[in-house]
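Read through the structure below, which is laid out as structure tokens, and then see the notes.
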Amino acid sequence: MGNMICPVCNFSIQKEKTSSIVYPPRKGQSKNLFEFIYFCPGCHVGVAAPALTDHEIDQLYIDGDYWNSQKGQDLSPNMFPGQYAMSECRMRFVEAFIPKDKLVSILDVGAGHGFLGDLALSKMRFCMGKYAVVEKDRFYREALTNVWKGRSKIEFKAWEDIKDAAGDFDLIILSHVLEHVNDPKRMLQQAAAFLNEGGLLLVDVPHQDYLFKEDVSPHVLFYDPSNLRKLVKESGLKVIALECFGRSRARLSRGQRNPALRKILEHIVYKLRSILPLALTKRFFHWYFQGDKPNPDGVWIRAVLTKV
């Protein structure tokens, strides 16, 4: 069956000898991209197999497969209140480590809707003077460019690949990026190369989401706090803060606490989101996800890093 090399600790993963599970079926798709998740005996990170090449992974996003269902829609926070609410949680986490009123330049890798930039511009206690994004999906990259070019006081740049990026930044965001790449050490090191002295890296990844989500595609890596800390150390960076947040994975996987009722409420709020006030829908999704609630068994791992 062959061996794999762990992308976190470089341990040899012998497929026929290590623990594994079947990769959750891809929702709405006839064919899975992956068949199994193998767990490294050295650090227990989960690795999807068979492996896709970097080019194949890139094409999923360049071709628009990842965001395809949202193209042509209104990309405002009102239409995606759940994503916007979670973006607030992530920005509030890193905000605590940035001096009040500091003028901050931000590089947002895998920017998607650009909600993190919107929040940094208008809702945080620090000030933003420059916002740059790396986004492989051309539709989102162009949409963000059209939005930000009208904000004349903010310098804006957009690139398809982090290799094309340029400049120095006070805050670099990797929100739900490291679970999508074959070589997370290289990604962290590439990002950190753009940090100013004393700059910060914000990382957010799912906490072993194969345990509680029906569809985890196209995630290629599955982290817990221990192996994420090891990844940071192996990348030559330092953890300032690392915590888990959100509802309990165990309760979600066992279907506890009236999940059916929560799902019904989510469906109703989502259907009515275009006519409901954003403040109301955000409040609902903050309750629904509990994204600001520290929880050792929470569904997200959030970290602030810096150079050693």
Side-chain angles (χ1 to χ4, degrees), residues 57 60-61 66-67 70 75 77 80-98 104-121 123-124 126 128 131-137 140-141 143-144 148 158-162 165 169-181 184 187-192 194-195 199-209 213 216 218-223 225 228 231-232 235 237 239-246 282 285-286 289-294 298-306:
I57 291 174
L60 293 174
Y61 311 106
Y66 186 66
W67 292 114
Q70 298 175 7
L75 303 183
F80 299 96
Q83 288 94 325
Y84 193 76
M86 286 309 305
S87 294
E88 282 190 328
C89 297
R90 290 158 190 153
M91 289 304 293
R92 282 200 288 257
F93 183 67
V94 73
E95 179 186 41
F97 302 93
I98 301 174
V104 175
S105 56
I106 296 178
L107 175 61
D108 190 355
V109 182
H113 301 88
F115 292 158
L116 293 164
D118 288 338
L119 289 162
L121 179 64
K123 301 292 185 182
M124 300 293 108
F126 58 83
M128 182 170 68
Y131 182 54
V133 303
V134 173
E135 177 53 60
K136 291 188 178 295
D137 188 303
Y140 276 81
R141 196 167 61 250
L144 289 172
W148 284 88
W159 299 284
E160 179 181 314
D161 195 287
I162 195 169
F169 299 90
D170 302 301
L171 174 61
I172 298 176
I173 300 168
L174 295 170
S175 179
H176 290 255
V177 170
L178 295 181
E179 69 270 29
H180 292 270
V181 298
M187 174 60 73
L188 280 172
Q189 290 165 347
Q190 286 178 318
F194 297 108
L195 275 179
L200 302 175
L201 254 166
L202 171 64
V203 168
D204 197 296
V205 295
H207 185 188
Q208 298 175 321
D209 54 346
K213 285 175 65 176
V216 298
H219 294 178
V220 300
L221 295 173
F222 300 87
Y223 300 96
L228 184 61
L231 171 64
V232 172
S235 302
L237 299 170
V239 172
I240 295 177
L242 189 151
E243 290 186 75
C244 295
F245 292 85
K282 279 197 311 176
F285 282 107
H286 278 300
F289 293 123
Q290 296 187 9
D292 272 333
K293 180 183 178 181
V299 299
W300 293 286
I301 313 171
R302 202 167 295 153
V304 175
L305 319 175
T306 191

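Reckoned from all heavy atoms, side chains included, excluding hydrogens, waters and symmetry mates.
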Non-hydrogen side-chain atoms of [X] and [Y] separated by less than 4.5 Å:
X      : Y      : result
Cys89  : His286 : yes
Leu178 : Leu231 : yes
Met91  : Lys123 : no
Leu171 : Leu202 : yes
Leu188 : Leu305 : yes
Pro218 : Ile57  : no
Leu119 : Arg90  : no

Taking [X] for its side chain and [Y] for its backbone only, find out whether a donor-acceptor pair lies under 3.5 Å.
X      : Y      : result
Tyr223 : Ile301 : no
Thr306 : Leu200 : no
Asp108 : Val133 : no
Arg141 : Lys136 : yes

Single hit among Gln290, His176, Glu243, His207 for side-chain contact (heavy atoms from CB on, under 4.5 Å) with Trp300:
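It is His176; the other options fail the test.
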
Salt bridge check: are Glu88 and Lys282 linked by an N-O gap of less than 4.0 Å?
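Counted as a salt bridge, because a side-chain N and a carboxylate O are separated by less than 4.0 Å.
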
Where do [X] and [Y] come nearest, in terms of heavy atoms and distance?
X      : Y      : answer
Gly112 : Tyr140 : O-CD2, 3.1 Å
Phe126 : Ile106 : CE1-CD1, 4.2 Å
Phe285 : Ala85  : CB-CB, 4.0 Å
Ala132 : Trp159 : CB-CZ3, 3.5 Å
Phe245 : Pro294 : CD2-N, 3.6 Å
Ser175 : Leu116 : CB-CD1, 4.0 Å

With rounding to the nearest 0.5 angstrom, report the [atom1] to [atom2] distance, [X] to [Y].
X      : Y      : atom1 : atom2 : answer
Phe222 : Asp209 : CZ    : CG    : 5.5 Å
Glu179 : Leu174 : CD    : CG    : 10.0 Å
Lys293 : Cys244 : NZ    : SG    : 13.0 Å
Leu121 : Met128 : CG    : CE    : 4.5 Å

In terms of relative ring orientation, are Trp148 and Tyr131 parallel, tilted or perpendicular, with 30° and 60° separating the classes?
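Tilted: the ring planes of Trp148 and Tyr131 meet at 30° to 60°.
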
Got a sec, which residues hit side chain to side chain contact (heavy atoms under 4.5 Å, CB included) with Gln189, two or more places apart in sequence or on another chain?
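For Gln189 the side chain to side chain contact (heavy atoms under 4.5 Å, CB included) partners, ignoring immediate neighbours, are Ser235.
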
Kindly indicate, with the supporting measurements, whether the criterion side chain to side chain contact (heavy atoms under 4.5 Å, CB included) is fulfilled by Glu160 and Glu135.
CA-CA 5 Å; Glu160 179 181 314; Glu135 177 53 60; over 6 Å; no

Please lay out, stage by stage, how Phe194 and Ile172 fare under the test side chain to side chain contact (heavy atoms under 4.5 Å, CB included).
CA-CA 8 Å; Phe194 297 108; Ile172 298 176; 3.7 Å; yes

Who are the side chain to side chain donor-acceptor pair (under 3.5 Å) partners of Arg302, not counting sequence neighbours?
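With neighbours one apart ignored, the set is Asp204.
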
